[in-house]
Amino acid sequence: MQTYTIGQAARLLGVSPDTARRWADAGRVATHREEGGRRLIDGRDLAAFSVEVAQNGTGEEEVSYTSARNAFPGIVTAVKLGDVAAQVEIQAGPHRLVSLLTREAVEELGLEVGMTATARVKSTSVHIDRT
């Protein structure tokens, strides 16, 4: 079975290693030690925990009423405006998302570099690569 270090788990969960370590110390996710002493998390345990974290969140998010369930909260890192279209980049944890939308939409949302925003993805075709 695949196992993950605390640092790897933190990257996958989109949190700091300190947060992942605190969660492990509190018993929120089960760990075991390898011979060298590093703490490891079994892949199945991490998968279940990641779903729990995604469902429960931190309790500070606003309720969203949308059919697009794949939400990536992050920070706007670039806004490129054209005459009609615009391109917005968001860094959401380890994920860089690029969206093409109308200039009007960008202006109505007041999007600018440095502000927080959530990219929502809804697709009928999702490709998954094994890593």
Side-chain angles (χ1 to χ4, degrees):
M1 172 180 298
Q2 175 92 27
T3 59
Y4 298 89
T5 64
I6 295 289
Q8 290 170 324
R11 278 190 299 280
L12 292 169
L13 294 168
V15 298
S16 72
D18 287 337
T19 296
R21 200 171 292 109
R22 281 193 301 274
W23 286 343
D25 290 344
R28 290 190 61 194
V29 62
T31 64
H32 63 277
R33 296 207 182 258
E34 68 177 354
E35 287 184 26
R38 281 192 318 176
R39 285 193 292 183
L40 299 175
I41 303 169
D42 287 334
R44 290 187 187 278
D45 292 337
L46 182 58
F49 183 66
S50 68
V51 170
E52 175 189 327
V53 168
Q55 289 175 343
N56 295 334
T58 62
E60 298 174 1
E61 298 89 10
E62 292 182 23
V63 175
S64 175
Y65 298 100
T66 178
S67 63
R69 298 293 183 228
N70 301 309
F72 296 89
I75 187 167
V76 176
T77 57
V79 176
K80 297 174 187 167
L81 295 174
D83 291 336
V84 176
Q87 178 178 311
V88 176
E89 294 182 25
I90 294 177
Q91 190 68 39
H95 308 289
R96 176 181 165 257
L97 296 114
V98 180
S99 179
L100 301 175
L101 56 163
T102 65
R103 178 184 181 117
E104 181 182 13
V106 172
E107 291 171 347
E108 284 180 8
L109 291 169
L111 295 177
E112 54 188 46
V113 173
M115 69 183 307
T116 59
T118 300
R120 294 196 183 274
V121 179
K122 185 170 182 177
S123 176
T124 58
S125 176
V126 176
H127 301 267
I128 299 175
D129 296 336
R130 181 176 171 190
T131 56

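We number each residue from 1, following the sequence as shown.
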Drop me the distance from [X]'s [atom1] to [Y]'s [atom2], to the nearest 0.5 angstrom.
X     : Y      : atom1 : atom2 : value
Ile6  : Thr19  : CD1   : OG1   : 11.5 Å
Arg39 : Arg33  : CZ    : CZ    : 5.5 Å
Leu97 : Thr118 : CG    : OG1   : 10.5 Å

If you take all heavy atoms of [X] and [Y], which pair is closest and at what distance?
X      : Y      : answer
Ser50  : Ala47  : OG-O, 2.8 Å
Val79  : Glu112 : CG2-CA, 4.1 Å
Ala20  : Val15  : N-CG2, 4.2 Å
Arg120 : Ala71  : NH1-CB, 3.1 Å
Val88  : Val106 : CG2-CG2, 3.8 Å

Side chains of [X] and [Y]: closer than 4.5 Å at any heavy-atom pair?
X     : Y     : answer
Ile41 : Phe49 : no
Ile90 : Phe72 : no
Leu46 : Leu13 : yes

Check step by step if side chain to side chain contact (heavy atoms under 4.5 Å, CB included) holds for Thr3 and His32.
-> CA-CA 10 Å; Thr3 59; His32 63 277; 4.2 Å; yes

So, are Arg22 and Asp25 salt-bridged, with charged N and O less than 4.0 Å apart?
-> no

Verify the cluster assignment for Leu111 and Leu81: are they in a single hydrophobic cluster under the rule of side-chain heavy atoms below 4.5 Å apart?
-> yes

Answer yes if Val98 and Leu101 sit in the same cluster of Ile, Leu, Val, Met, Phe, Trp and Tyr residues linked by side chain heavy atoms under 4.5 Å apart, and no otherwise.
-> no

Count the heavy atoms of every other residue, nucleotide or ligand shown that sit under 6.0 Å from CD of Glu107, and state whether that count exceeds 12.
-> yes

Verify side chain to side chain contact (heavy atoms under 4.5 Å, CB included) between Thr5 and Leu40, making sure each step is shown before the conclusion.
-> CA-CA 5 Å; Thr5 64; Leu40 299 175; 3.9 Å; yes

So, Arg103 side chain and Gly82 main chain: donor-acceptor pair closer than 3.5 Å or not?
-> yes

